[in-house]
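Here the structure is a predicted model, which means the values were calculated and not measured. Atoms within a ligand are numbered from 1 in the order they appear, just like the ligands themselves.
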Amino acid sequence: MDHFLPRDGVLHAEEVPLDRLAEDVGTPFYCYSAATLTRHARVFRDALSAIPDPLLAYAVKANPNLSVVRLFAREGYGADVVSEGEMRRALAAGVPPARIIFSGVGKTAGEMRAALEAGVGQINVESEEELFELAGVAAAAGVTAPVALRVNPDVDAKTHAKIATGRSENKFGIPADRIPALWAAGEAIPGIAMRGLAVHIGSQIADLAPMEAAFRRLGDLLEALRAAGHAVATADLGGGLGIPYDPACPAPPDPAAYGAMVARVTAGWGVRLAFEPGRLLVGNAGVLVARVIRVKRGAARRFAVLDAGMNDLIRPTLYGVFHDIRAVRPRPGRAVLTFVGPVCETGDTFAEDRETTPLEAGDLVALMTAGAYGATMASTYNSRPLVPEVLVDGGRWAVVRPRQTYGELLGADRIAPWLEEGG
Ligand code: LLP
């Protein structure tokens, strides 16, 4: 459920009409609903009410805006981070270091040092090589790294290939059969405190069965480690639960069904469970509002050319996925339009031959379900400034990231000294 609903013929974010926001901040812009963010944070927590004291670590990559991370921190969420930048965001947003999980397949020694200095609660290690490097960094810093081993369970998440992470041919995690030996090795090296296991098999998962299979693998490993005399304190079940994008498609399993499955599978594990939800918390809580620059009649189709492009929301281009597109002030009637951006690539297409309400130049549209992996994956391709982000809360709203200015865009570059005027 979200809080982007029409009122008096105008699409609103909670109590704020989106056309009012467009007047104020210009287009395109991302708009997030605080009520939806809060609601999702609570729905997920409630879905796990049978789990004692879970660590809910919001996957910052989904939407790293400081206001969003702070809202979740206030709801008691920790953070799952995959870079020093994300860790800095989590800390700046007020997430206690003990509630930060540092994940990622390519942590540099510098990032390891930064994580240890900050005192993060858990570092998810993805290879033998990484474990030994981390031990060296920790020993040099005179600290002990709290480690969970990320298992590659060789399970197909049945999601888009580019966001499936749990098969043996993927770069992620450690093969299950190597975990016991690596655990024992980790216990023996100074600088490492072996704490737990972690798994994450992919994103936008629409079927609980592969998740359950992965969690069972983790459970088997946990048992094997315990049988070998090791103490396992934590199990991190990752994120990945899918959300509805296309109203015409069956909805993915809801958080309650996920929570019931988790409670069933993990009963008796005797560990503290951690979760890393991203998309589920923020996906439906955001829209990208764009203006129709013009409606163009091509030889084969009619195009609605928007002022937002693939650089602002790359998901349709990158994964070929569906985003619902709604007129902010729908006109009566029906039309079939292909929604494209201004970027000079045919891939800059949001939707092909989409049945919609008629649109004219100047009309506003909202690309729905853009709160996750939207603004954060944006680029300045075609030298298009990054668009603003606005957070609405009831009747109030704030620009939580201003539009990048042309000064900032150009000011980021330097002209090589030998190319300077007169140089
Ligand atoms: N934990 C780990 C280790 C992850 O790699 C991810 C996502 C998450 C948690 C959060 O997963 P979520 O709950 O959001 O599914 N850009 C893609 C999605 C990439 C997901 C990357 N990892 C998209 O737009 O669909």
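- If you check the side chains of D2 and T36, you find no donor sitting under 3.5 Å from an acceptor.
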N/O pairs closer than 3.5 Å, ligand 1 and protein:
| from | atom 1 | to | atom 2 | distance (Å) |
| --- | --- | --- | --- | --- |
| ligand 1 | 1 (N) | D80 | OD2 | 3.4 |
| ligand 1 | 1 (N) | E276 | OE1 | 2.6 |
| ligand 1 | 13 (O) | G240 | N | 2.9 |
| ligand 1 | 13 (O) | G278 | N | 2.9 |
| ligand 1 | 14 (O) | R279 | N | 2.7 |
| ligand 1 | 14 (O) | Y373 | OH | 2.6 |
| ligand 1 | 15 (O) | S203 | OG | 2.4 |
| ligand 1 | 15 (O) | G240 | N | 3.3 |
| ligand 1 | 16 (N) | Y319 | OH | 2.8 |
| ligand 1 | 24 (O) | R315 | NE | 2.6 |
| ligand 1 | 25 (O) | R279 | NH1 | 3.2 |
| ligand 1 | 25 (O) | R279 | NH2 | 2.8 |
| ligand 1 | 25 (O) | R315 | NE | 3.4 |
| ligand 1 | 25 (O) | R315 | NH2 | 2.9 |

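- Looking at N124 and R150, their side chains never bring a donor and an acceptor atom within 3.5 Å of each other.
- A donor-acceptor contact closer than 3.5 angstrom is absent between the side chains of E276 and H200.
- Side-chain atoms of R99 and Y58 form no donor-acceptor pair, as typed in the model, at a separation below 3.5 Å.
- F275 and F44 have perpendicular rings, their planes meeting at more than 60° on a 0 to 90° scale where under 30° would count as parallel.
- Checking R334 against T357 by side-chain atom types alone, no donor-acceptor pair falls below 3.5 Å.
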